[in-house]
Amino acid sequence: MFNNSECERFESGCHDYIEDEYGTGARFNNDSFGNMEELSRVGLLLTLIYFLSIFFRYLRAELLGGIVAGLLMGPAVANWVAYERATYMVGRIGLSLLVMEGGLGVDFENFKKTWLLTTTLALTGTIAPCLLGWLLMYFFDRDNVEGFAAGTALSSTSIGMSIMMLIQFNYLKTPLGGIIAVAAMVDDVASLVILAVLQEIGRSQDDATSPSDWAEIILKPIGISLGVIAAGVVLTIITPIIYFRMEKRWDSYYANKIENAAERKKEVEAWLNPLFLFFLVVITIGSSIASGYAGSSYLLGAFAAGMAFSQIREEGDSESRAETLWKKHASLGWWLASVSFATLGFSVPYKALFSLEGFSLGMLYVIPAFFGKFLLGLLVPNKDGNFCNACGFCNNIDDALIVGLAMATRGELGFVMAQTAVTNDIMGDTTYAACVWALFICTLIPPLFFGRVLERKQRRSVKQQQVAQEHNEPVLEVHVPADLSTEQESNETSTTNIEMKTQRVLENEGVEKADGAYNGFDNTETDPPRESYEKDVKVDGDGLVF
């Protein structure tokens with residue numbers, strides 16, 4: 001997981017382990033782990049992560065808090081990092097669990113419905129930024145390998161940030177929200193495969209002397225990565241079968257002890273959930289290690305492990321049981337992920353980042369980073385069902401902007417790819433600084449506009465409904481024959497007809513039924529009190545008018 005230069009730097013900061021007078025080796029010297037100064041540095045790092053994350057949370061770019069904290073505490077600025085190797089290891093575990101969480105959200109049912117469109121969006125959004133980034137770096141005299149590495153840093157979309165924004169605006173369960181979520185998922189898988197290729201280039205580029213050698217370097221990790229994905233798909237089929245059999249056996253075991261079904265289910269979950277969470281974490285770490293040793297990315301193994309648990313759900317559930325259970329431990333996952341973001345900031349070259357060349361190249365690099373993803377909005381079907389909005393773009397501009405901005409939002413994988421390239425000596429400091437600037441801006445800016453576009457779309461939707469209510473009276477009025485409201489008809493018949501017609505109108509207006517009632521109707525066999533619906537329904541001589 002670390003190259004030789006990193007290990008040497010870590011070892012140089014470690015202190016000698018000394019034996020006590022009994023030869024047990026149980027003590028450390030005064031400058032080792034018992035050093036209060038290093039403990040205070042750990043506390044300062046965590047404090048910075050916390051408050052900077054809160055600040056960037058208001059800008060909808062929370063992960064930047066950890067990166068900035070790592071930059072300030074890292075070797076480039078203060079050089080106050082304590083226990084570097086342990087911090088890096090914790091960060092790697094946190095990053096693996098974060099990617100695993102993305103795997104838990106895989107929904108194969110949605111993928112089956114939109115696989116053509118989402119795969120097109122994902123692959124186009126992965127390849128286009130790579131090519132555009134490579135072309136720009138080639139123009140600035142970077143060699144092909146460095147240009148490719150810089151382009152790969154632009155390839156990934158932040159599935160976590162995109163889904164978080166969709167949830168915030170209650171847009172995830174819409175058809176377009178489902179397309180964005182699945183496309184971001186496929187995009188992340190493709191980016192993880194590219195990361196595996198990048199790592200193999202870092203390990204083997206010195207031995208490549210012919211085109212066949214380069215073909216092997218590129219195709220080998222792709223083949224292994226496809227094998228990891230295939231293994232994840234197989235586990236996705238097997239894992240739910242094992243889980244529900246275990247649940248059934250536990251339920252049978254408690255059937256004779258607890259008669260009440262609800263209490264029995266609670267007792268089964270009390271035993272099964274901790275065991276389930278344990279296996280989820282162990283399999284994630286084991287899959288990450290196995291994938292890394294096999295020659296792919298350890299993060300792809302983590303994603304495959306999460307995917308294996310993603311289909312443990314009852315019919316109609318919006319999320320898997322593993323996802324629901326993992327959310328109960330969100331604070332632990334957040335801290336581990338934040339430490340992983342801080343480790344990304346440790347390697348940022350401060351001088352190159354704020355040099356004229358690094359800054360100007362970074363601002364130029366924003367162009368392929370943003371537009372390579374943003375233009376994917378043109379592939380969103382318009383209202384006529386066409387895939388190209390070039391002619392009818394204005395008829396569907398909100399949907400195109402939503403998809404473009406969601407896919408242009410970057411996250412942790414882009415920074416990981418850039419860091420992987422620089423630690424393997426594939427990328428120079430100036431190019432790395434340019435990647436950091438481009439990723440920083442594309443992590444910060446698109447979410448701000450994404451939220452505004454969604455708010456505007458919601459306002460337009462409300463306004464359109466209001467206009468429809470004002471100009472389409474036949475749709476908004478239900479006339480009941482006046483004699484139904486007189487004493488000549490039975491109260492039961494009148495109430496039933498009013499309720500049925502009211503229900504139909506309210507459903508057409510998008511009003512959901514809550515607790516079996518629509519605006520005061522309790523939907524029972526008994527007649528509702530007249531005052532319960534008079535405030536919403538007006539009865540006159542011509543009939544019932546809303």
Side-chain angles (χ1 to χ4, degrees), residues 1-3 6 45-46 49 53 61-71 73-74 81 83-105 152-153 155-164 184-185 187-189 191-196 198-199 202 225 228 232 280-293 296-307 326 329-348 410-424 435-436 439 443:
M1 193 174 291
F2 299 94
N3 58 27
E6 284 181 309
L45 174 63
L46 296 178
I49 289 173
S53 296
E62 189 172 346
L63 72 88
L64 294 181
I67 294 175
V68 173
L71 173 63
M73 291 287 292
V81 180
Y83 311 133
E84 285 185 80
R85 191 163 192 169
T87 304
Y88 268 89
M89 289 299 180
V90 171
R92 293 297 184 269
I93 294 173
L95 193 57
S96 296
L97 295 177
L98 181 65
V99 174
M100 177 273 292
E101 189 176 358
L104 292 177
T152 59
S155 63
S156 68
T157 293
S158 174
I159 182 173
M161 293 188 67
S162 298
I163 290 179
M164 180 181 67
M185 180 267 294
D187 185 292
D188 270 13
V189 173
S191 298
L192 288 170
V193 174
I194 292 176
L195 177 60
L198 191 62
Q199 290 173 335
S225 299
V228 172
L280 175 62
V281 174
V282 169
I283 290 175
T284 297
I285 296 175
S287 179
S288 299
I289 295 172
S291 180
Y293 272 114
S296 182
S297 168
Y298 74 97
L299 293 177
L300 184 60
F303 186 90
M307 186 172 64
W326 185 255
H329 305 274
S331 58
L332 175 61
W334 181 88
W335 275 110
L336 290 173
S338 297
V339 172
S340 73
F341 300 150
T343 61
L344 296 176
F346 291 164
S347 61
V348 174
R410 297 308 202 277
E412 65 283 348
L413 276 184
F415 291 98
V416 170
M417 288 180 170
Q419 185 192 50
T420 300
V422 75
T423 54
N424 285 280
C435 291
V436 170
L439 292 170
T443 303

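- When all heavy atoms of Leu95 and Glu412 are compared, the pair lying nearest together is CD1-CG, 3.8 Å.
- Here the closest non-hydrogen pair linking Met73 and Val81 is O-CG2, 3.2 Å.
- If you take CZ on Phe303 and CE on Met100, they are separated by 11.5 Å, rounding to the nearest 0.5 Å.
- Among residues two or more places apart in sequence or in another chain, the side chain to side chain donor-acceptor pair (under 3.5 Å) test is passed with Ser288 by none.
- For Asn424 against Gly202, the heavy-atom pair with the smallest separation is CB-CA, 3.9 Å.
- Interatomic distance, CG of Leu439 versus CZ of Phe415, reported as 5.0 Å (0.5 Å rounding).
- A donor atom on one side chain and an acceptor atom on the other are not found under 3.5 Å apart for Ser191 and Ser156.
- Note: Arg92 CZ to Thr343 OG1 = 5.0 Å, rounded to the nearest 0.5 Å.
- Judged purely by atom type and a 3.5 angstrom limit, Ser53 uses its side chain to pair as donor or acceptor with the backbone of Ile49.
- Shortest non-hydrogen contact noted between Ser225 and Leu300 is CB-CD2, 3.5 Å.
- For Ala418, the side chain to side chain contact (heavy atoms under 4.5 Å, CB included) partners two or more places apart in sequence, or in a different chain, are Ala153, Tyr432, Cys435.
- With sequence neighbours excluded, the residues satisfying side chain to side chain contact (heavy atoms under 4.5 Å, CB included) with Ala304 are Val228.
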Identify every side-chain donor-acceptor pair in residues 333-340 under 3.5 Å, counting partners at least two apart or on other chains, and give the distances.
residue: Trp334; atom: NE1; partner: Glu62; partner atom: OE2; Å: 2.3
residue: Ser338; atom: OG; partner: Trp334; partner atom: O; Å: 2.8
residue: Ser340; atom: OG; partner: Ala337; partner atom: O; Å: 2.4

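- Closest non-hydrogen pair, Ser96 versus Thr284, comes out as O-CG2, 4.2 Å.
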* To do: Could you please spell out the steps behind the side chain to side chain contact (heavy atoms under 4.5 Å, CB included) verdict for Tyr88 and Phe346?
  => CA-CA 10 Å; Tyr88 268 89; Phe346 291 164; 3.5 Å; yes
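- Under the 3.5 Å distance criterion, the side-chain polar atoms of Ser296 are left unmatched by any main-chain donor or acceptor of Gly292.
- Gln199 pairs by the side chain to side chain contact (heavy atoms under 4.5 Å, CB included) definition with Leu195, Arg203, Ser297, Thr420, not counting sequence neighbours.
- Atom OG1 of Thr152 sits about 4.5 Å away from atom CG of Leu198, to the nearest 0.5 Å.
- Every residue two or more places apart in sequence or in another chain that forms a side chain to side chain contact (heavy atoms under 4.5 Å, CB included) with Ile93 is listed here: Leu97.
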inquiry  = Let's go through Ile289 and Tyr298 carefully: what are the C-alpha distance in whole Å and the side-chain angles of both, what is the deciding distance for side chain to side chain contact (heavy atoms under 4.5 Å, CB included) to 0.1 Å, and is it a yes or a no?
reply    = CA-CA 6 Å; Ile289 295 172; Tyr298 74 97; over 6 Å; no
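- Residues Leu45 and Ala69 share a closest heavy-atom pair of CD1-O, 4.2 Å.
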